[in-house]
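Scope of the values below: all heavy atoms of this structure, side chains included, with no hydrogens, waters or symmetry mates.
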Amino acid sequence: MRKLVIIIHPDIENSVVNRMWKNALINEHIDVVDLYELYPDRNIDVAREQERLMSYDTIVFQIPLYWYSSPPLLKQYQDEVFLFNFAYGPEGTKLRDKKFAIATTVGSLEEDYSEEGSNRFTLDTLLSPFVATFNYIGAQYKGHFEQYGTVNHATKNELIEGSKRYIEFVKKL
């Protein structure tokens, strides 16, 4: 079963966790594509990306949570690549039954992401637009992996353990 992790981070060189995850994936010989590295001009090669998606069984979008959403290039990617009669519509079955998952880094602590927490929403709620998209295109949503406290909260050991758990999450998909 072929797996691909699509990394969407606009400043991965300054992201401790996303860079750590990327290196761990590469070390485990898991296929990785970094959209900001591949498309610095934001001109997505739609045909190439559609072909890439069709050649994998499982796709993980790895993102930092930015203002309770994804970085803008992921939205652009979905708008331009998940097209009518490719991802949806009468002939839009190319992504049907593929497995999709989300891996996200979250700067705040886990307790902030609850109805009682400072953000008032759970991570599941905030990721629901992705789940809705996967449902709409007939794909299987396989859940999400998260690392909380990535900004000034988690210790180096917690980040290393999180990276190991992330690799296991991807391998089990």
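Ring planes of Phe82 and Phe100: perpendicular class, angle over 60° (limits at 30 and 60°).
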Let me check something: any side-chain donor-acceptor pairs from residues 164-173 under 3.5 Å, sequence neighbours excluded? List them with distances.
| unit_1 | atom_1 | unit_2 | atom_2 | d |
| --- | --- | --- | --- | --- |
| Lys164 | NZ | Glu161 | OE2 | 3.4 |
| Tyr166 | OH | Gln62 | OE1 | 2.8 |
| Lys171 | NZ | Glu28 | OE1 | 2.7 |

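Proximity of a side-chain donor or acceptor of Asn18 to a complementary backbone N or O of Ile12 within less than 3.5 Å is not detected. Gln147 places no side-chain N or O within donor-acceptor distance of the main-chain N or O of Val17, the cut-off being under 3.5 Å. Glu146 places no side-chain N or O within 3.5 Å of a backbone atom of Thr104 that could act as its donor or acceptor partner. The backbone N or O of Leu159 lies less than 3.5 Å from no partner atom in the side chain of Ser163, so there is not a single donor-acceptor pair. The main-chain N or O of Val81 is found under 3.5 Å from a side-chain atom of Gln50 such that the two form a donor-acceptor pair. Under the 3.5 Å distance criterion, the side-chain polar atoms of Asp112 are left unmatched by any main-chain donor or acceptor of Asn119.
In this structure, the side chains of Lys142 and Phe134 stay at 4.5 Å or more apart for every pair of heavy atoms. Counting only heavy atoms from C-beta outward, the side chains of Tyr113 and Tyr148 approach each other to under 4.5 Å. At a threshold of 4.5 Å between non-hydrogen side-chain atoms, the residues Lys3 and Asp31 do not count as touching. Between Ile8 and Tyr36, some side-chain heavy-atom pair lies under the 4.5 Å cut-off. Side-chain contact between Leu95 and Tyr88 is absent, with no heavy atoms from C-beta onward closer than 4.5 Å.
In this structure, Phe61 CZ and Ile102 CD1 are separated by 6.5 Å, a value rounded to the nearest 0.5 Å. Put simply, OG1 on Thr125 and CZ on Arg120 are 13.5 Å apart, with the number rounded to the nearest 0.5 Å.
Taking Asp34 as the reference, Lys22 meet the side chain to side chain donor-acceptor pair (under 3.5 Å) condition, with sequence neighbours excluded. The side-chain contact (heavy atoms from CB on, under 4.5 Å) search around Tyr66 returns His9, Pro10, Pro64, Pro71, not counting sequence neighbours.
Side chains of Glu49 and Tyr39: a donor-acceptor N/O pair is present below 3.5 angstrom, by distance only.
For the side chain to side chain contact (heavy atoms under 4.5 Å, CB included) with Ile7, the qualifying choice from Val33, Val60, Val32, Leu35 is Val32, the only one to do so.
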TODO: Report the C-alpha distance between Asp97 and Gln140 in whole Å, list the side-chain angles of each, state the deciding distance to 0.1 Å, and finish with yes or no for side-chain contact (heavy atoms from CB on, under 4.5 Å).
DONE: CA-CA 6 Å; Asp97 295 324; Gln140 300 174 37; 4.1 Å; yes
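By the criterion of side-chain heavy atoms lying less than 4.5 angstrom apart, applied directly or through intervening Ile, Leu, Val, Met, Phe, Trp or Tyr residues, Ile30 is grouped together with Met20 in one hydrophobic cluster.
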